Amino acid sequence: MRIANTFLSGVKLITPSVFEDSRGYFMESYSFAKLSQHGIEIIFIQDNHSLSVEPFVIRGMHYQLEPFAQSKLIRATSGEIYDVVVDIRQDSPTFGKWEAFVLSAANKHQLFIPSGFAHGFCTLAPNTEVQYKVDVPYSPQHDRGIAWNDPALAIDWPTSNPILSEKDGKHPVLAEAEINFEYKG
Ligand SMILES: Cc1cn([C@H]2C[C@H](O)[C@@H](COP(=O)(O)OP(=O)(O)O[C@H]3O[C@H](C)C(=O)[C@H](O)[C@H]3O)O2)c(=O)[nH]c1=O
C-alpha cells in the first residue's frame with residue numbers, strides 16, 4: 001500500500017497493493033492497521049454505497065457540521081469518478097481551495113478525506129458505483145452543501161451540464177454557507 005500526501009493538508013491518496021494471478025486479483029481494500037501506520041487512526045462506523053447510472057452525475061459539494069463532521073475513505077468499485085475536495089477549515093492557509101482526483105475501479109485508488117472538507121464527485125462512466133467509509137453517522141440536521149459551480153471556488157469539472165439532485169441544485173455559495181470547522185494545523 002502506498003499513501004501520498006496531497007496539496008491540501010490531511011487529504012491522502014492511497015494506492016492499495018494488488019495481488020494478481022491467473023484467476024484475477026486480491027487486495028486488502030481496507031486495513032485499520034496499515035492506515036494507522038501512516039497516521040490515519042480513524043475508526044470507521046458506516047459504509048456507504050451509491051450507484052449513478054448515467055455519466056456526469058455530480059453529487060456534492062457536501063459536508064456535515066460539527067459535531068457530526070465526517071472523515072471519509074472513498075473509492076470507485078465500478079466505473080470512474082472525478083473526486084473533488086474543498087478545504088472549509090476556517091483560518092486554514094488553503095481555505096476555499098479545491099483539489100481533484102480520478103478514482104476508478106481500474107486504478108483502485110482511494111482517497112482519505114479528513115473532516116473539515118466539503119466533498120463531491122462527478123461520474124465519468126455509466127453505472128459508476130462509489131463505496132465509502134465514514135467515521136460519524138449521517139445526521140440530516142447537520143447535512144450542508146456548497147454550490148458545485150460556486151464561481152469563487154471555480155472547480156474545473158469535466159462537465160458544465162451535470163445531472164444533479166434537486167438538493168444539489170440549491171446549495172449556497174461558500175461565502176454564504178454555514179461552516180464551523182477549526183483548522184488544527
Ligand atoms: C449520505 C446519506 C444519505 N442517506 C439518505 C438520504 C437521502 O434520502 C438519500 C440520498 O441522500 P443524498 O442525496 O444526500 O446522497 P448523495 O447525494 O450521494 O450524498 C453523498 O454524496 C457526497 C459525495 C458525500 O460525500 C456524502 O457522503 C453524501 O452527502 O440517502 C442516508 O440514509 N444515509 C447517508 O449517510
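These numbers come from the heavy atoms of this one structure, side chains and all, not from hydrogens, waters or symmetry mates. Every number for a ligand or one of its atoms is a count from 1 in the order of the listing. From a predicted model like this one, the values you see are computed outputs, not experimental measurements.
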- Message: Given His62, Met61, Arg59, identify the one with the heavy atom nearest to atom 19 (O) of ligand 1.
- Response: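 Residue with the shortest heavy-atom distance to the ligand atom: His62.
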- Message: Evaluate His119 for polar contact with ligand 1, using N/O atom pairs at a separation under 3.5 Å.
- Response: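 Yes: some nitrogen or oxygen of His119 is under 3.5 Å from one in ligand 1.
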- So is Lys72 polar-close to ligand 1, meaning N/O to N/O under 3.5 Å?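 In this structure, Lys72 places an N or O atom under 3.5 Å from an N or O of ligand 1.
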- Message: When you compare the side chain of Asn48 with that of Lys133, does any pair of heavy atoms fall below 4.5 Å?
- Response: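 In short, these two side chains do not touch, never coming nearer than 4.5 Å.
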- Query: OH of Tyr63 to CD of Gln70: how many Å apart, nearest 0.5 Å?
  - Reply: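 Reported value, rounded in 0.5 Å steps: 13.0 Å.
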Output the list of atoms in ligand 1 that are nearer than 4.0 Å to some heavy atom of [X], sorted by atom number.
X	answer
Lys167	12 (P), 14 (O)
Phe121	23 (C)
Gln46	35 (O)

- Task: Kindly state if atom 10 (C) of ligand 1 has a protein heavy atom within a strict 4.0 Å cut-off, that is, under 4.0 Å?
- Result: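 It does not; no protein heavy atom is within 4.0 Å.
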- Are there protein heavy-atom neighbours of atom 35 (O) of ligand 1 below 4.0 Å?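 Yes, there is one.
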- Item | Whichever hydrophobic residues join Phe19 through chains of side-chain contacts under 4.5 Å |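 Grouped by the 4.5 Å side-chain rule, Phe26 form the rest of the cluster around Phe19.
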- Message: Do the side chains of Arg89 and Glu182 get close enough for a salt bridge, i.e. N-O under 4.0 angstrom?
- Response: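 Here Arg89 does not pair with Glu182 in a salt bridge, since their nearest N and O are not under 4.0 Å apart.
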- Message: Could you check whether Lys167 pairs with Asp143 (Lys NZ or Arg NE/NH1/NH2 to Asp/Glu carboxylate O, under 4.0 Å)?
- Response: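 Looking at Asp143 together with Lys167, the answer is yes, because their closest N to O distance falls below 4.0 Å.
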- Item | Donor-acceptor contact below 3.5 Å, side chain Asp168 vs main chain Ser165 |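 Flag not set: sc Asp168 to bb Ser165 has no pair under 3.5 Å.
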Tabulate below the donor-acceptor pairs under 3.5 Å that side-chain atoms of residues 115-127 make, not counting sequence neighbours, or state none.
unit_1, atom_1, unit_2, atom_2, d
His119, NE2, Asp83, OD1, 2.7
His119, NE2, Asp83, OD2, 3.0
Thr123, OG1, Glu54, O, 3.2
Thr123, OG1, Phe56, N, 3.1
Thr123, OG1, Val57, N, 3.0

- Task: Assess Tyr132 for proximity to ligand 1: is some non-hydrogen atom of it under 4.0 Å away?
- Result: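 So Tyr132 counts as touching ligand 1.
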- Message: Just to confirm my output: which protein heavy-atom neighbour is closest to atom 6 (C) of ligand 1, and how far is it?
- Response: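 Heavy-atom neighbour on the protein nearest atom 6 (C) of ligand 1: Tyr138 OH, 3.5 Å.
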